[in-house]
Structures are given as C-alpha cells and as structure tokens.
Amino acid sequence: MTTFEIEPGRLFIGGRWREAADGARTEVVDPSRGTVLTTVADAGAADVDAAVRAARDAFDDGAWSGLSGRERGRVLQRVAELIRENADTIAELESRDVGKPITLAHAVDVTTAANDYEQNAALAHTLDGSVRETPMNALAYVRRRPLGVVAAISPYNFPLILSGSKIAPALAAGNTVVHKPAEDTPLSALYMAELFKRAGVPDGVVNIVTGGPAVGEALLRNSGVDKVAFTGSTGVGRKVAALAGESLKSVTMELGGNAAHIVFADADLEKAVGAVIKGFVFNTGQFCMGGPRLLVARQVYSTLLGILADAVPGVPLGDPRKPETVIGPMAGERHLRKVEEYVDLARKEGGRIVCGGERLDLDGGYYYKPTVIADLPNDSRVIQEEIFGPVLTVQPFDSEDEAVELANSTPYGLASGVQTGSLARAHRVADRLQAGIVWVNDWAMLDSGVPFGGVKDSGFGREYGPEGLDAYTTTKSVVVSLD
C-alpha cells in the first residue's frame, strides 16, 4: 500500500490552484482515527463567482465545447487511463477520507470511476444528431448541444464515483463544470483536478470549490450556472430544487433511498443471505441504494433470522487499511450519532436487537457494529426513514401482494431487490416495485452502461448509460424548406 502525506487542499479554478479569497480553511478528519488528516480551502461567494466565470469563459471560447465528440472522447479515455494508473493513490485517499475499506476502494470505487469515464468517452461519439424529413416539404436536422455550465454537487459516501457520474457525462456532452464535493470528503475530487489537467482537459473546463452548504447555495443562486446535478439527502434535495427553480435551471437529482430486499420462500437461502448482508453493510451502510429493509416470507422467516444472527457478527469490521476489512467506520461522528439515535428509537418502539446495536471502540474511530432488528411495526420511523448506516430491519410477509405493498410503503423509490427461484415471479414482482432499479438474486449489480435513479422522494433523472448523458444536452432543430 502506498504511504504518502496528504497536502493541504486549495481551490482549483481556471486551471490554477488558489487559496480562498478570505483565507478560510476547514479540517478534514480521518474517521478511522477521529484525527485531522489535513485542511482544505473553505470557499466563499467570491470564489464561487470566480469558478463560475472561469467555467463560462471556457465554455464560450469553444476550446472544449467546440471539439467534436470524438475529440472529447479521446481526452475522457485518457482520464480513465490515468485513474487506473494511479489506482493505489486514489484508493488510499478514499480510504483515509471516507473510512472506506481499502479493498472496496480498489475493487469498486476506482474501477467504477474509470469505467464511467471510459463509457462516456464512447458515448461522446454519439452526439451528432439526426436528419428528418417533414410532411411540409422540408428537411430538419436536429443537433444535440451542451447546456453550458454545470454545477455538480456530490455527497460524502462515494466521492470519486458520484463526482464522476456527473462530471464525465457533462464533459462528454461539451459542458464545463464547477464541482463542489462534500465538505467531509473532498480529497479525491482535488486529486482528480490534476488528472484532468494531465489528460488534456483545457483550463477552466473543470473547477473544484470546497466548503460547506454555503458554497452549494452560492452555486445554485449563481446566474452563470445552467444546470445542477445533485446527489444527497431528500431534505437537502428539496431545497436544491427550490433554489434552482428560482432561475429555472435544469436539474437532475439522486436523493435518499430506503430499499426493500424481498426474500421469497423459494429463494436459494445461502445465496440470499450473502446478498442481504452485502446489501446493508456495503460501504458501512452509507449507500443510498443499500438494502436496509429485509422482507422475508413467513415460512423461512425464523430460519433466515437465525442465519443472520450467526453470520453478521462475523463480518470483518475494523481498520479500513487492512485488506481483510469489509466494514469500516462511519464517515463522520455526526453520522455515527444518527445511527445510534435510530437504534435507540428501535428499542423504545419494541424492536428486538438480533445482533449488534452498539458502537465499537477502536482507535478513536467512528465504528458501529452491523445491526439486525426484528419485531418493529411497519409504521416505525426506523423502517420508514433512511438511517444510512449498517442497520437492517427484518419483517415477515404472508403473500406476494403483501410483500409488494410493504416494499412500496415508504416515500422512497431508488432501488429494490428480489430473491426467488421463479423467473416468472421475478419479472412480475420487479414490474410492481416502485424503484428506479431492481436487482434479482443479488444486490448492487451496477454498471456504467445501465441507468439508475429514483422515483417518488428518491429524485428524478438518471445517471449512467446513454440516459445519463441525455440530461447534459439540449436539442436545436433547424428546418430547411425544400421549395
């Protein structure tokens, strides 16, 4: 594993590094130790204005937007190559910054980000538009054009992946970007700025501004921003949509999730248990498409609960830099406290703690033992709300209709899962589930070519695949009379 010192971060604006205008800085904490890793610049309104102006100037001069899709694709392909070439460094940054197990950071975060840039490099070639005949003796050609300046705002749980899922399609379409990473986890975004430069992305095309909610609000209110791409909680998402709506900015948003994982009696229980555990401990449960709600056919309910009670405590929890670790710390102290509050609430509401239910004292870090809770009513807040930690609630059901009703009973609709040996049931139930993506007989099968996104309170718009690229373009039609 690479060992290196993390230098204090600065803002990346117009292709150059600079301090915040007022010199403000904020601390970045290693969640596995509870100690300060480094500090980064805390941007102010003047810095946001400077970043948006740099992005606007870069868009207007055509050095990027004026390139063909094929030419932009070559640069994005080089970004993907640089991510792979620097995989060890990036994985360690994510591990230190987020508390992500180093093995997970390598296998999932680095690989997914590289694949995303590669996928969008290929999609950039598809933006040529089309020619159509009309019944009025005219010929129309329809061109897909970039929107302009994109504000990309990403959360703390998957910094590299969720910044790439916005920046890669924005760049493929010819836009310029101002990116605000989460204030807790900005390090991989700052590292990527150097990779963009090395790949040949022109100055001003990608700008990075670090800081808290005030930075995001300044971006949303800035008249120079044409589109907002946001991932975060549903509560913050409502505020984002309202602010963007004041100036009618185009918006896509992936918001909270609280996915149901349904296990039918005809499922392969051995495979199902592996998927269930992955679904709620993956990234220490800090996964908007995680599976924190387990719905089990009553015939196998007690059996599956017993298997979970034996298996879950054995999942390796601890130092994220050890290759065998599966569950690392929560990304911050406030996230740990939120999980503790929900588990305490579950106890008050009569929930039975099958395993876990307490923090782990280790090296001063923010660790919480993976927790399974049974016997809660469906209207419990612990079931209805997004906990965003390694907590699984388990409920029985007696029929397929009841399983679907329970699965759809929360305000969220980002992901869902079905475990069954019946292909007909898999298709039938998947069609009835209110979710943007449904997995059958596994969990978290994500690919940069397959779109995902939410319905209901989980947002709107899609990321990944051609559908993700569409959100960063508009069309211009030119109709030519043949008379």
When you measure from the side chain of [X] to the backbone of [Y], do you find a donor-acceptor pair of N or O atoms at a distance under 3.5 Å?
X: R78; Y: G73; result: no
X: K227; Y: Y472; result: no
X: D97; Y: L93; result: no
X: T371; Y: K369; result: yes
X: T111; Y: H106; result: yes
X: N175; Y: L147; result: yes
X: Y368; Y: E358; result: yes
X: N207; Y: G14; result: yes
X: S65; Y: F59; result: yes
X: D42; Y: T26; result: no

Item to check | Beyond-backbone contact of W64 with L171, side-chain heavy atoms, under 4.5 angstrom | outcome: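 W64 reaches L171 side chain to side chain.
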Checklist entry - Does the side chain of T112 come within less than 4.5 Å of S448's, by heavy atoms? => result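 The answer is no, as the side chains (C-beta and beyond) never meet within the 4.5 Å cut-off.
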Any ion pair linking [Y] and [X] (charged N to carboxylate O, less than 4.0 Å)?
X: K278; Y: D442; value: yes
X: K180; Y: E217; value: no
X: R198; Y: E194; value: no
X: K338; Y: E341; value: no
X: D116; Y: K166; value: no
X: D49; Y: R221; value: no

Checklist entry - Got a sec: does the CD of E85 have more than 12 other heavy atoms crowding it under 6.0 Å? => result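 More than 12 within 6.0 Å, yes.
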Item to check | Residues, nucleotides or ligands: over 12 heavy atoms within 6.0 Å of R18 CZ | outcome: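 Yes, because the 6.0 Å sphere around CZ of R18 holds more than 12 heavy atoms from other groups.
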Quick check for you: to the nearest 0.5 Å, what is the distance between [X] atom [atom1] and [Y] atom [atom2]?
X: K322; Y: S95; atom1: NZ; atom2: OG; result: 12.5 Å
X: T234; Y: E386; atom1: OG1; atom2: CD; result: 6.5 Å
X: N86; Y: M192; atom1: CG; atom2: CE; result: 9.5 Å
X: R293; Y: T410; atom1: CZ; atom2: OG1; result: 4.5 Å
X: L67; Y: R72; atom1: CG; atom2: CZ; result: 6.5 Å
X: E340; Y: Y366; atom1: CD; atom2: OH; result: 12.0 Å

Item to check | Residues R84 and N115: side-chain donor-acceptor under 3.5 angstrom | outcome: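 Note: R84 and N115 side chains meet the donor-acceptor criterion.
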Identify the heavy atoms of [X] and [Y] that sit nearest to each other, and give their distance.
X: D457; Y: L255; result: O-CB, 3.6 Å
X: A415; Y: A259; result: O-CB, 3.0 Å
X: P101; Y: G328; result: CG-N, 3.8 Å
X: G34; Y: V29; result: C-CG1, 3.8 Å
X: P451; Y: E467; result: CG-OE1, 3.5 Å
X: A80; Y: A114; result: CB-O, 3.4 Å

Next on the checklist: Let's go through M330 and R337 carefully: what are the C-alpha distance in whole Å and the side-chain angles of both, what is the deciding distance for side-chain contact (heavy atoms from CB on, under 4.5 Å) to 0.1 Å, and is it a yes or a no?
Outcome noted: CA-CA 10 Å; M330 302 295 298; R337 287 199 303 267; over 6 Å; no
Checklist entry - Under the side-chain contact (heavy atoms from CB on, under 4.5 Å) criterion, do R56 and D226 qualify, and how do the steps go? => result CA-CA 10 Å; R56 174 58 60 192; D226 300 293; 2.4 Å; yes
Item to check | Sequence-distant partners of Y464, ring pair (Phe, Tyr, Trp, His ring centres under 6.0 Å), two or more places apart | outcome: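 Counting only residues at least two positions away or on another chain, Y464 forms a ring pair (Phe, Tyr, Trp, His ring centres under 6.0 Å) with F452.
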Next on the checklist: List the residues meeting ring pair (Phe, Tyr, Trp, His ring centres under 6.0 Å) with W439, not counting sequence neighbours, and say none if there are none.
Outcome noted: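 Ring pair (Phe, Tyr, Trp, His ring centres under 6.0 Å) list for W439, sorted by chain: W443.
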Item to check | V372 and F280: CA distance, side-chain angles, deciding distance, side-chain contact (heavy atoms from CB on, under 4.5 Å) verdict | outcome: CA-CA 10 Å; V372 177; F280 89 95; 4.1 Å; yes
Checklist entry - Can the ring centres of Y156 and H335 be said to be less than 6.0 Å apart? => result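 Yes: the rings meet the under 6.0 Å criterion.
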